[in-house]
Number of protein chains: 2
Amino acid sequence: MNIIISNSSDIPIFKQIKNALKEAICTGVLQENEALPSVRTLANDLKISFLTVKRAYDELETEGFIKTIPGKGSFIAPRNMELIREEKLKEIQDLIEQIYKISKIANIEEQEIKEIFQIIFEEE
Amino acid sequence: MNIIISNSSDIPIFKQIKNALKEAICTGVLQENEALPSVRTLANDLKISFLTVKRAYDELETEGFIKTIPGKGSFIAPRNMELIREEKLKEIQDLIEQIYKISKIANIEEQEIKEIFQIIFEEE
DNA sequence: TAACTGTTATATAATCAATGTAACAGTGAG
DNA sequence: CTCACTGTTACATTGATTATATAACAGTTA
């Protein structure tokens, strides 16, 4: 598994870790029941505090993506793809609602938005 | 002009003010060259610090939406609709790019996104 | 037992948003 | 000119969030 973080990003490190792990699950880099690196190992690799990694793991566990067993480690929870897919669909829905609100405020036509949509999605 | 702010929102107050004023400009509530409430007046109305209002005004000025003259007050700059329309189009483009990235990560089909898009935009 | 795991508590630092207060300067009506 | 309004600036402070360092504690397993 390969995680790249940036401390110059405006996205908090613990959130970057969460996103990277979710992406690894989706792309199959991490399989069900597979062990994650220990909080200290990952912290050393990324040259950050283990508390920051722990926070990421804690939140991922709360959200149901991983399971942590004290003394043993953290593991990818089963049925993860569906979970993340649901979550990402919800994110997309929120983003489209934002677009809708902006278009109402700025008097932008639906057609114009569809064109932008096409341009971005058609680039391979 | 009517501005409603929420301090329980995760959007900073100064940004809520900026958004509210941009919306007021777009909907024609605020016309070109019209005076904005003074920083202290608006601060009193909203029961917040005048420094928070000043910050909103300062950024709006930097972005070219208003003009502030020391001793006189702040005024809506001309050619605002076009400015905001450009800005909002850019925001929408960024949001669609976010959607694109999420769809790639979570293996969500373009068709599925279009359906969500239709549902949200068709509600009158 | 030793070397891993995760957990917890405490303290600290940096940044950002927001505030309070005070003093200063420009504008314009009376 | 004076007064009451405008904006400006400089401090100090609070609270929340992010991230860190350190230390001690507890479960797992070879």
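All heavy atoms count here, side chains included; hydrogens, waters and symmetry mates do not.
- Taking atom CG of residue L36(B) and atom P of nucleotide dT6(D), one finds them 12 Å apart after rounding to whole Å.
- Of the two residues near DNA chain D, K54(B) and Q16(A), the one whose nearest nucleotide lies more 5' is K54(B).
- Using a 4.0 Å cut-off between a side-chain N of Lys or Arg and a carboxylate O of Asp or Glu, E91(A) and K88(A) qualify as a salt bridge.
- A close approach under 4.0 Å does not occur between any side-chain nitrogen or oxygen of R40(B) and OP1 or OP2 of dC5(D).
- Mapping heavy-atom proximity under 4.0 Å, the span of DNA chain C touched by chain B runs 5' to 3' from dA17(C) to dG28(C).
- If you measure from atom CG of D58(A) to atom C1' of dA19(D), you get 15 Å, rounded to the nearest angstrom.
- Taking a cutoff of 4.0 Å between a charged side-chain nitrogen and a carboxylate oxygen, E59(A) and R55(A) qualify as a salt bridge.
- Within the structure, the salt bridge (Lys or Arg N to Asp or Glu O under 4.0 Å) test picks out the following pairs touching residues 61-76 of chain A (sequence neighbours left out): K18(A)-E63(A), K22(A)-E63(A).
- For the pair T52(A) and K72(A), both in contact range of DNA chain D, the more 5′-proximal nearest nucleotide belongs to T52(A).
- Among the atoms of the strands shown, base atoms are found under 4.0 Å from some heavy atom of F50(A).
- Residue E82(A) places its CD atom among more than 12 non-hydrogen atoms of other residues, nucleotides or ligands, all under 6.0 Å distant.
- Between K101(A) and E97(A) there is no salt bridge, since no side-chain nitrogen of the basic residue lies less than 4.0 Å from a carboxylate oxygen of the acidic one.
- The aromatic rings of F121(B) and Y100(A) lie perpendicular to each other, with more than 60° between the two planes, well past the 30° mark.
- Taking atom CG of residue L51(B) and atom C1' of nucleotide dG15(D), one finds them 17 Å apart after rounding to whole Å.
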